[in-house]
2 protein chains.
Amino acid sequence: MRADARRNRDRLLVAADAVFTERGADASLNDVAKQAEVGIGTLYRHFPTREALLGATCDERFLTLAKQSRERSASLSALEALRLFLEELVHYAGIYQGLAASLGVVLRSGTEGCHATTEEGQRLLQAAQHAGEVRDDIRLDDVVCMAMAISLSASQDASGPKRIPRLTGIFIDGLRPPRDARGTRHR
Amino acid sequence: MRADARRNRDRLLVAADAVFTERGADASLNDVAKQAEVGIGTLYRHFPTREALLGATCDERFLTLAKQSRERSASLSALEALRLFLEELVHYAGIYQGLAASLGVVLRSGTEGCHATTEEGQRLLQAAQHAGEVRDDIRLDDVVCMAMAISLSASQDASGPKRIPRLTGIFIDGLRPPRDARGTRHR
DNA sequence: CTTAAATACGGAGCTATGCTCCGTTTTTCA
DNA sequence: TGAAAAACGGAGCATAGCTCCGTATTTAAG
């Protein structure tokens, strides 16, 4: 990769993060290019779609998420580790206003961090299921869907952020095996 | 209301439903006006925002949802009634591609049907809480966000639609009071 | 049947954004 | 050092949102 290309890519990521933080994930990409002091053509050459740019700006963060989760999970119950993972996922889904709605797509954008986070989630889920703490029919998509719901809910009003831990707990609780020997509802 | 105004309003609603059905909730409003054979100014005079138009086109449907829910809930447990309500809400969030993302705003658009659906949701939630089948700290907003998340998640991959009933069940299950009240497993 | 006020209509036009395309510039390396 | 390869920049076209105001239609009073 040519030196100027690398430099511009980095500038774009910094600018994109700033602009998305200030104006949300739907902000104008022209503004991003302007803030990076780069032509709009350069932006599109590096990041063909908005999701690609979003995925790239979140890449480091998702790498961190995965790494920290891996480190702490050794000393926690499988369910508690999954709960913390979900809570962090909700947190990252709220980094940019409007990011939550496309969390699923972004996580599939293929960057290293997104991949690491997906892997880690898969690992935690399977561990919890193996320990009998989560029902066998739950899939990672379901957990991601929960993160979306919680993040959306939290972004609706001012008191939202405070409710995140509580909502997270509630949903995780819903993943546990049926309390009656014979399942109560959904099979 | 002047006769021509009423006529144009009706034409707009018919056209909007057709266009949104074909091209999703983000379709061009110019197209809607064109299909209704009405000036774009007329569209905006009747419906100042996209959400207002969406709310109006969904009005009848939401009226139906509320009515049917009211009718059947008498013969169901409070939790089961709430579960069916959520499942229907997810269904209606999917009638136009992309509607789910603004479901919360649309429900607050003030039309009769949106109001009726909101009321019905509130009623079901309170009933379930009064019966001790749902935690007291859950709000209708949380349920609406679940619908949004489930619908969004379902529309993001091919296997989505099949997962709707299961996801609905999982989320509703999470709303039940903690089992800690009667002997828990851990934590 | 006027006729004037009230109401509604229409669409030109301005702004904003997405995205492409290609002439110019910078970098690389033999 | 010089030419090929790579990257840059931003003009420019397409599309959409939304406003504004001159014109047309409806209503109802006389």
Side-chain angles (χ1 to χ4, degrees), chain A residues 1-58 96-99 101-102 105-106 109-110, chain B residues 1-58 96-103 105-106 108-111:
Chain A
M1 193 171 197
R2 242 172 71 169
D4 54 347
R6 157 115 273 138
R7 197 196 64 228
N8 282 333
R9 205 189 113 98
D10 291 345
R11 295 170 70 94
L12 278 166
L13 286 179
V14 171
D17 187 55
V19 172
F20 288 151
T21 298
E22 193 189 340
R23 304 211 261 277
D26 301 319
S28 160
L29 296 188
N30 287 306
D31 288 355
V32 172
K34 215 167 288 174
Q35 175 129 351
E37 294 178 289
V38 141
I40 185 67
T42 300
L43 184 151
Y44 280 101
R45 199 173 318 105
H46 285 287
F47 307 103
T49 66
R50 181 182 293 273
E51 283 70 32
L53 181 55
L54 278 170
T57 60
C58 295
Y96 308 137
Q97 187 71 245
L99 176 58
S102 47
V105 179
V106 170
S109 73
Chain B
M1 193 170 195
R2 240 170 72 168
D4 54 347
R6 157 114 272 138
R7 196 195 66 226
N8 282 333
R9 204 190 113 98
D10 291 345
R11 294 169 71 94
L12 278 166
L13 285 179
V14 171
D17 186 55
V19 172
F20 289 151
T21 298
E22 193 188 343
R23 304 211 261 276
D26 300 318
S28 160
L29 297 188
N30 288 305
D31 288 355
V32 172
K34 215 167 287 174
Q35 175 130 354
E37 294 178 287
V38 142
I40 184 67
T42 299
L43 185 152
Y44 279 100
R45 198 171 321 105
H46 284 288
F47 307 103
T49 66
R50 179 181 294 273
E51 285 72 28
L53 180 55
L54 281 169
T57 60
C58 295
Y96 307 138
Q97 187 72 244
L99 176 59
S102 46
L103 180 65
V105 180
V106 170
R108 271 178 242 124
S109 70
T111 71

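The figures here come from the full heavy-atom set of this structure, side chains too, leaving out hydrogens, waters and symmetry mates. Proteins get letters first, then strands, A, B, ... in listed order; numbering begins at 1 in each. Being a predicted model, the structure only gives us computed values, none of them experimental.
Nearest approach of B:L99 to B:V106, heavy atoms of both residues: CD1-CG2, 4.1 Å.
As rounded to whole Å, 13 Å separates atom C1' of C:dA8 from atom CG of B:L12. In this structure, A:D10 atom CG and D:dA7 atom C1' are separated by 15 Å, rounded to whole Å. Atom CG in B:D4 sits about 17 Å away from atom P in C:dA6, given to the nearest Å. Rounded to whole angstrom, the span from the CZ atom of B:R6 across to the P atom of D:dT26 amounts to 16 Å. Summarising the geometry, the separation between OH on A:Y44 and P on D:dG12 is reported as 18 Å, rounded to the nearest angstrom. Remark: P of D:dC8 and CZ of A:R7 are 8 Å apart, rounded to the nearest angstrom. The CG-P distance, from A:N8 to D:dA6, rounds to 17 Å in whole Å. For A:L43 and D:dA7, the CG to P distance is 15 Å, given to the nearest whole Å.
For D:dA7, the base has no donor-acceptor partner in the side chain of A:R2 [N/O atoms by modelled type, under 3.5 angstrom].
Results of the side chain to side chain donor-acceptor pair (under 3.5 Å) test with A:Y96 over A:D26, A:T21, A:D17 single out A:D17 as the only residue that passes.
The side chain of B:H46 places an N or O atom within less than 4.0 Å of a non-bridging phosphate oxygen (OP1 or OP2) of C:dC9. Side-chain N/O atoms of B:S28 include none lying less than 4.0 angstrom from OP1 or OP2 on D:dT15. Note on A:T42: every side-chain N or O is 4.0 Å or more away from OP1 and OP2 of D:dA7.
The main-chain N or O of A:A27 is found under 3.5 Å from a side-chain atom of A:R50 such that the two form a donor-acceptor pair. Looking only at distances, a side-chain donor or acceptor of B:T49 sits under 3.5 Å from a matching main-chain atom of B:A52.
Taking for each of A:N30 and B:V38 the nucleotide of DNA chain C with the nearest heavy atom, the 5'-most of the two is the partner of B:V38. Nearest-nucleotide positions on DNA chain D place B:I40 closer to the 5' end than the other of B:M1 and B:I40.
In this structure, B:R45 reaches the bases: a heavy-atom distance under 4.0 Å links it to at least one base atom across the strands shown.
Surrounding CD of A:E51 are more than 12 heavy atoms belonging to other residues, nucleotides or ligands, all under 6.0 Å away.
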